[in-house]
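Counting convention: from 1, in listed order, for ligands and their atoms alike. Residue numbers run from 1 in the order of the sequence given.
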Amino acid sequence: MIADRRVSALRRRLGDSGLSAILVSGIANVRYLTGFEDVFDGEANVALVLTDQVARLYTDSRYSEACEIAADGTPWRVHVPKESVYTELCNDLDADGLKGLAIEASVPYGRFKFISEKFGGRVEVVDQWVEEIRRTKESGEIERMAAAAELADRAFGHILDRLVPGVTEAQIALELEVHMRSHGSEGVAFEPLVASGPNSSRPHARVSSRPLEAGDLVTMDFGARVRGYCSDMTRTVVMGAATPRQAEIYAAVLDAQVSAIDAVKSGVPGLKIDAVARDLLTERGFGEYFGHGLGHGVGLDVHELPSVSSRARESVLAGAVITIEPGVYVPGFGGVRIEDLVLVEDGGCRVLSCAPKHLIQI
Ligand SMILES: [Mn+2]
């Protein structure tokens with residue numbers, strides 16, 4: 001049982017810490033630990049309490065029926081308090097005689113304060129415990145992410161015919177979303193990003209009503225979601241024939257991206273992979289135009305562990321799914337980013353994004 005394996009991993013971590021219980025309320029972490037699908041929206045009022053003895057899920061009546069059904073055959077027992085989730089949860093902890101509670105660092109401060117005052121025992125903030133378990137994907141998770149990557153690949157193939165002068169960034173973003181959703185994506189992994197012409201020099205430009213023009217670089221960053229799991233990819237195309245400078249920048253980013261992917265294998269520190277791309281861009285004279293990290297983990301969240309940046313000392317390990325996304329952004333001129341989703345393996349990696357990467361001149 002998937003949920004059992006994940007719960008066991010968290011129990012081991014709890015046992016090592018000397019604390020007797022952990023409260024988990026981050027939605028992605030709740031989804032992960034329970035394995036419940038199609039139950040929680042992003043706002044769900046739900047909290048898990050795990051000890052070496054119990055696995056309790058607290059929620060309210062809006063989610064209780066779906067939780068009861070999903071919990072069948074899992075370690076989780078569903079509690080639907082008459083009053084508030086956190087009042088009952090604290091009362092239960094006291095009734096169990098527990099002395100120490102771990103709370104995720106991501107909880108809102110008001111909730112932390114409430115629990116600290118209400119629960120009789122010691123409260124300790126812990127960071128990334130569940131996220132560190134989520135870092136290594138199981139085969140079922142990888143299958144979903146590969147399917148999400150394929151939906152994004154297909155949307156890219158579809159959008160190429162729609163990139164004509166006069167169509168706006170917002171229309172392209174909507175068309176990418178419609179294509180992914182009508183082919184099976186649950187919503188989108190994040191709002192598609194389309195940045196054209198001078199806007200493309202901002203790595204996270206807001207989508208605007210700017211119409212595409214001949215000569216534009218157009219960067220599209222988007223992802224699908226399949227049974228909870230995200231994909232993330234970016235492609236940049238040119239409207240018309242590329243100028244020598246556009247072609248030079250594109251070639252540098254592509255070489256950096258391909259070289260970095262070649263360097264991905266289990267056991268390599270994130271910062272070494274980052275350096276492969278960064279050093280190549282620096283050699284080509286574009287180092288100062290690559291400001292962000294090379295990549296990030298992807299899973300239930302579009303940004304999760306592990307990090308792949310110049311500060312990431314931690315190694316990427318087999319089973320992690322990461323992005324490799326170097327970019328060059330020249331203010332006033334435009335930018336190029338190329339991003340693939342990559343599964344880390346022993347001795348290498350598998351690229352899950354299959355959309356073409358050569359310079360496409362529309
Ligand atoms: Mn990304």
- prompt: Counting backbone and side-chain atoms alike, does H296 have an N/O/S atom under 2.8 Å from the Mn ion (ligand 1)?
  reply: yes
field: N, O or S of D232 under 2.8 Å from the Mn ion (ligand 1)
entry: yes
- prompt: Considering only heavy atoms from C-beta outward, does the side chain of C349 approach that of I261 to under 4.5 Å?
  reply: yes
query: Taking the inter-plane angle between the rings of F290 and H292 on a 0 to 90° scale, is it parallel (under 30°), tilted (30 to 60°) or perpendicular (over 60°)?
result: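 Perpendicular: the ring planes of F290 and H292 meet at over 60°.
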query: Just checking, is any N or O donor in the side chain of N29 or R134 under 3.5 Å from an acceptor N or O on the other one?
result: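 Side chains of N29 and R134: pair found under 3.5 Å.
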message: Can you confirm whether the side chains of R111 and S25 place a donor and an acceptor under 3.5 Å from each other?
response: yes
query: What angle sits at the Mn ion (ligand 1) between OE2 of E325 and OE2 of E339, to 10°?
result: 80°
